[in-house]
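Input: a single structure, listed below in structure tokens.
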Amino acid sequence: FKLTEAKELRPGDPEIESFIAKVRADSVVFDVRTNPPGAAATVLARDDEDREVPVQDRDLGRTPVTARRLKPGSYVVSLELDGYAPLRVPLVLAAGTLDVVAASVDLLERDKVPEGMLVVPSGEFTIGGAGIYALPATRRTLPTFFIDSGEVTCEQYATFLVETQRKPPDGWQDATPPKGEAKLPV
């Protein structure tokens, strides 16, 4: 029996409305699914300074993880399965959410991820909506992509320029970074 069904059966009932408000304020239900299933899932909270902090019962078991509850906030779910690249999935649980927040990701075989790269799973995100000159908040969807696990140095960028026959940035001599900057990030 779901809270939404109770609300539909007894619309306007103050006891049901009060209970739903309390549930919304205290916790949010979430699911995490992977393809293939069976990944070990753990969760960490992100604090106001974007640091990862432990949560009680951080071990979620193996996917699929269903009908789990956490306080509203920002979290990272780590997923690991033998033979597949580890994956970290952001999970934002907004206060007042009555629907189940679901994360569903495809795991990539470890040998399909280039060395030194991390997988960023496909999904929706919000762009804009913050700051005085920001564009209105808009939901966008990105496909899965790879990102370097560390900063790209000028030396690595120079190799990329040569291999792709691209034009170097201003201040560079051909595909050579300025003296003393080879090991610095681009």
Side-chain angles (χ1 to χ4, degrees), residues 1-7 17-110 112-131 134-152:
F1 193 69
K2 296 181 179 178
L3 292 176
T4 51
E5 292 171 358
K7 193 173 180 179
E17 295 293 334
S18 174
F19 181 72
I20 289 173
K22 179 169 178 20
V23 169
R24 283 181 174 171
D26 290 346
S27 65
V28 179
V29 178
F30 69 96
D31 293 347
V32 179
R33 298 179 188 284
T34 59
N35 181 28
T42 56
V43 64
L44 291 171
R46 298 198 70 95
D47 68 12
D48 292 339
E49 295 178 15
D50 208 28
R51 293 178 300 210
E52 293 180 358
V53 294
V55 297
Q56 188 175 359
D57 300 324
R58 73 183 217 108
D59 182 7
L60 301 175
R62 297 215 168 255
T63 59
V65 174
T66 58
R68 296 296 292 264
R69 288 187 175 276
L70 283 171
K71 292 179 181 179
S74 181
Y75 298 89
V76 174
V77 177
S78 294
L79 300 165
E80 294 187 20
L81 183 62
D82 286 342
Y84 292 84
L87 194 59
R88 295 167 49 83
V89 179
L91 193 62
V92 178
L93 305 177
T97 302
L98 188 55
D99 296 327
V100 174
V101 175
S104 183
V105 295
D106 292 326
L107 300 178
L108 291 177
E109 293 172 7
R110 193 176 302 272
K112 294 211 166 65
V113 179
E115 189 174 332
M117 305 289 273
L118 300 172
V119 178
V120 178
S122 64
E124 283 192 356
F125 71 100
T126 301
I127 185 170
L135 296 172
T138 307
R139 298 292 292 165
R140 298 278 192 239
T141 301
L142 283 178
T144 296
F145 64 93
F146 303 114
I147 191 166
D148 280 321
S149 60
E151 295 177 319
V152 174

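Quantities reported herein were computed from a predicted structural model and do not represent experimental measurements. Just so it is clear, the values below take in all heavy atoms, side chains as well, and ignore hydrogens, waters and symmetry mates.
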Item to check | Listed partners of S149 passing side chain to side chain contact (heavy atoms under 4.5 Å, CB included), at least two apart | outcome: L118
Checklist entry - For V120, which residues count as a side chain to side chain contact (heavy atoms under 4.5 Å, CB included) partner, sequence neighbours excluded? => result F145, I147
Checklist outcome for this item: Contacts satisfying side chain to side chain donor-acceptor pair (under 3.5 Å) that involve residues 115-125 (not counting sequence neighbours) are E124-R139
Item to check | Contacts of D47 that satisfy salt bridge (charged side-chain N to carboxylate O under 4.0 Å, His left out) - sequence neighbours left out | outcome: R51
Checklist entry - Taking only residues two or more places apart in sequence or in another chain, which ones pass side chain to side chain donor-acceptor pair (under 3.5 Å) with D57? => result none
Checklist entry - If only atom types and distance count, is the side chain of T34 paired as donor or acceptor with the main-chain N or O of P36 below 3.5 Å? => result yes
Next on the checklist: Checking D148 now: which residues fulfil side chain to side chain donor-acceptor pair (under 3.5 Å) with it, not counting sequence neighbours?
Outcome noted: none
Next on the checklist: List the residues meeting side chain to side chain donor-acceptor pair (under 3.5 Å) with R46, not counting sequence neighbours, and say none if there are none.
Outcome noted: D50, E52
Item to check | Rounded distance (nearest 0.5 Å) linking atom OH of Y75 with atom CG of L93 | outcome: 6.0 Å
Next on the checklist: Going by side chain to side chain contact (heavy atoms under 4.5 Å, CB included), name the residues that satisfy it together with P136, two or more places apart in sequence or in a different chain.
Outcome noted: none
Item to check | Residues forming a side chain to side chain donor-acceptor pair (under 3.5 Å) with Q56, sequence neighbours excluded | outcome: none
Checklist entry - Excluding sequence neighbours, so at least two apart, what forms salt bridge (charged side-chain N to carboxylate O under 4.0 Å, His left out) with D59? => result none
Next on the checklist: Within the 4.5 Å heavy-atom criterion, are R140 and T138 side-chain neighbours or not?
Outcome noted: yes
Item to check | Check against side-chain contact (heavy atoms from CB on, under 4.5 Å), V43 and L91 | outcome: CA-CA 9 Å; V43 64; L91 193 62; 5.6 Å; no
Checklist entry - Considering residues at least two apart in sequence or located in another chain, which fulfil the salt bridge (charged side-chain N to carboxylate O under 4.0 Å, His left out) criterion with E109? => result K112
Checklist entry - side-chain contact (heavy atoms from CB on, under 4.5 Å) between V77 and V65: does it pass, once the steps are laid out? => result CA-CA 11 Å; V77 177; V65 174; over 6 Å; no
Item to check | Approximate separation, where rounding is to 0.5 Å, of L87 CG and L108 CG | outcome: 8.0 Å
Item to check | Residue pairs fulfilling salt bridge (Lys or Arg N to Asp or Glu O under 4.0 Å) with at least one residue in residues 27-39, sequence neighbours excluded | outcome: D31-R33
